[in-house]
2 protein chains.
Amino acid sequence: MEVTGHMPPQDAPRTRSASIWDVARVAGVSQQTVSRVINGKARVSEATRARVLQVIAELGYRPNRLAQALAGGPVRSVTVLTSDTALYGAAATLRGMEEAARTAGFSVGISVLERGSGQADIALRLNRPGEAVMVIAFDDAGVRALRALPADVPVTAAVERRPDDGPDDPWQIWLDDRAAAAHATRYLLSLGHQTVHYVAIPSSTSALPQRTQGWQDALRAAGRPLPEPLPGGWSPRSGYLAVRSLLADRSVTAILCGNDDLALGVMRAAREAGRDIPGDLSVVGFDDSPPSAYLNPSLTTVRLDFEGLGRACFGLLHRRLDPQNAAAVPAWSEPELIVRESSGPAPS
Amino acid sequence: MEVTGHMPPQDAPRTRSASIWDVARVAGVSQQTVSRVINGKARVSEATRARVLQVIAELGYRPNRLAQALAGGPVRSVTVLTSDTALYGAAATLRGMEEAARTAGFSVGISVLERGSGQADIALRLNRPGEAVMVIAFDDAGVRALRALPADVPVTAAVERRPDDGPDDPWQIWLDDRAAAAHATRYLLSLGHQTVHYVAIPSSTSALPQRTQGWQDALRAAGRPLPEPLPGGWSPRSGYLAVRSLLADRSVTAILCGNDDLALGVMRAAREAGRDIPGDLSVVGFDDSPPSAYLNPSLTTVRLDFEGLGRACFGLLHRRLDPQNAAAVPAWSEPELIVRESSGPAPS
DNA sequence: GTAGGGTATGTTATCGATCACATTCTTTCT
DNA sequence: AGAAAGAATGTGATCGATAACATACCCTAC
């Protein structure tokens, strides 16, 4: 069997790594046949397949993914858009996404959204039009990026809350923060606290955040006084500042925090104010970030399965890209209250 | 001015986004001229440039980076190889790399190295032969990946330690862990502690890790007893387990930890053993991870500029890829001992 | 024996850019 | 004024793959 016509103009020099043409020439087949072997889609005779595979191994041939994508092959790459990965939630979600994508043979791009940066240039970050995208939209920057994405890009997103207006977007997933916050609040009430104060993380939209709503749900249902939520940021410092003055008031006996970092700041403020935890004051966090179990006192918090959410977000994307072959979207865990040392009965 | 010859066979249909040909046609120039405008390298008359730029804006044209790379354009993408990003050091380094790369107009790929996974397939993760790579090689998996990379890929790495054998690789950078550990150890000795125990993080190579060496340097120089390093992992739990039995010995009054997470576990073990920090026992961490300042007691630790290291690692790569135009490699901060509440005078 | 229907494989066009070289149009100098 | 030098721009080949279509081959059925 001889391949004569339609050869590439020049022999690939030794300096360049093997291309599909080199494999084809050495194996004595056409590049299309090599392509068929690589992708395993079309039928190739067993003998030919074996020969091609052997040549591939000998030459150390690796398909060039850029060329594959350019030529319109199946999508095998994703770009993740996320804001500050110093935050546990975003970082853990990213880990889940990367793991799932890598396992499925996708290459993963990442682009961090600076807080407050413009969204006009979002499309510029993509490697090509139609690039697949996952957005981690737990905050304002993420939500804006999601909105700014051109309509033709296949995108899935992990969001803080479902959109208020219109139907659910089937390509967005979220954790049930609202129910979890309500549960944590009910837990504190059940310990005898008259009410629960809440230090809020910044909102991802103009509407009331899910965690804030859940906290309010529980207080309302129990007919308890509903304090103003204390506006916090994402950092321990902002939690510290948010409650410092509040803690002089000994009637404040229970504080729920929008995340564990805020709780860290709250606990420090409590120490400085001479309030004992959990004797005088119960503190509950949100996220169950890694240090929480080892803090002094260890932190009662709501465990959120961000990694699972990230894996599911990729699963969703995979289904969107390739409904035929993609596996089922993996399930993720429900939020779970982890009771530790930082919460206890209301002081008598 | 009319462009007649050498047109692409068919008009780009409305469904596909604008290509360089569309811009060229509308602007009445050749695609090469559009390419020149995009890349700003060759000279184009002011009038032509303005017209092309306007058409680009009108059509919303975005160059396809895959096609650019395939066609042999300048490298504008990097893949970062890193192990577990749940660890603060790797995560912070990655942040620095991503930020610097994004700022320089590079797209960033990421691929996580599973602990203990084979290294044979590392090249498979790259989008193409010759893809630029940065490796975060603070642990075994990273170092192995760095070794397994084909010779033709332009790579820089953030490493735990410089290679023992042979000359320094000019494309690797590191923090001076050894000096920092020695400094932290001297600090503890200066507080009156007879000696300092050390809980080690896993080694990235078969040789003695830098932090361990620095600790030993200081003890030797001071003529103090040199205890066996306690083997730890990366997690608080492993720190807890490593020192639990040791803490029964009241003569142990100072412990240096290979990272802050280990310190977290050590502090818990101390609490359970009824050892007061810093009264009975001084604990010093390594890294200055975000929670450290807010722990109870707040943790004395060595601040490491991982983000700066990451930025520098990209700077180095940029110089390697494009020595002419790349900016100078940004400096990063020296390790710095941050004294907080967890360390104090030796008990009398 | 020949039409019919797969199966295996080859050929050409295409994706969207860059590169190297060719060509045209201006200047500038003698 | 003519030639040489340089600026601006166009042409064809190329990167490494896939898609769509074409073709050769083989076996079965009438």
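Values reported hereafter were calculated over all heavy atoms of this structure, with side chains retained and with hydrogens, waters and symmetry mates removed. None of the values given here were measured: they were computed from a predicted structure.
Separating the NZ atom of A:Lys41 from the P atom of C:dA8 is a distance of 17 Å, rounded to the nearest angstrom. Atom pair B:Asn127:CG and D:dA17:C1' shows a separation of 14 Å (rounding to whole Å applied). Nucleotide D:dG10 holds its C1' atom 18 Å from the CZ atom of B:Arg43, rounded to whole Å. At whole-Å resolution of the value, CZ in A:Arg128 and P in D:dA17 are 16 Å apart.
A donor-acceptor pair is defined here as one N or O able to donate and one able to accept, closer than 3.5 Å; such a pair exists between the side chain of A:Arg51 and the backbone of A:Ala27. Here the side chain of B:Asn39 pairs a donor or acceptor atom with the backbone of B:Ser35 at under 3.5 angstrom.
Ring pair A:Phe138/A:Phe306 is tilted by interplanar angle, where 30° to 60° counts as tilted.
For the pair A:Thr82 and A:Leu113, the minimum side-chain heavy-atom distance is 4.5 Å or more. Looking at A:Ser19 and A:Asn64, their side chains never come closer than 4.5 Å, going by heavy atoms from C-beta outward. Using a 4.5 Å cut-off on side-chain heavy atoms (C-beta onward), B:Ile20 and B:Ile38 make contact.
Projected onto DNA chain D by closest heavy-atom contact, B:Pro129 and B:Val44 fall at different nucleotides, the more 5' of which corresponds to B:Val44.
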- Note on the structure: The contact string for nucleotides 17-24 of chain C, one letter per nucleotide 5' to 3', using protein heavy atoms under 4.0 Å with B, S and - for base, sugar-phosphate only and none, comes out as BBBB----
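Salt bridge annotation for B:Glu131-B:Arg128: present, with a cationic side-chain nitrogen under 4.0 angstrom from a carboxylate oxygen.
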- Canonical and wobble pairing (Watson-Crick, G-U, under 3.5 Å) of DNA chain D, dot-bracket with |: ||||||||||||||||||||||||||||||
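At the phosphate of C:dA8, neither OP1 nor OP2 sits under 4.0 Å from any side-chain N or O atom of A:Thr33.
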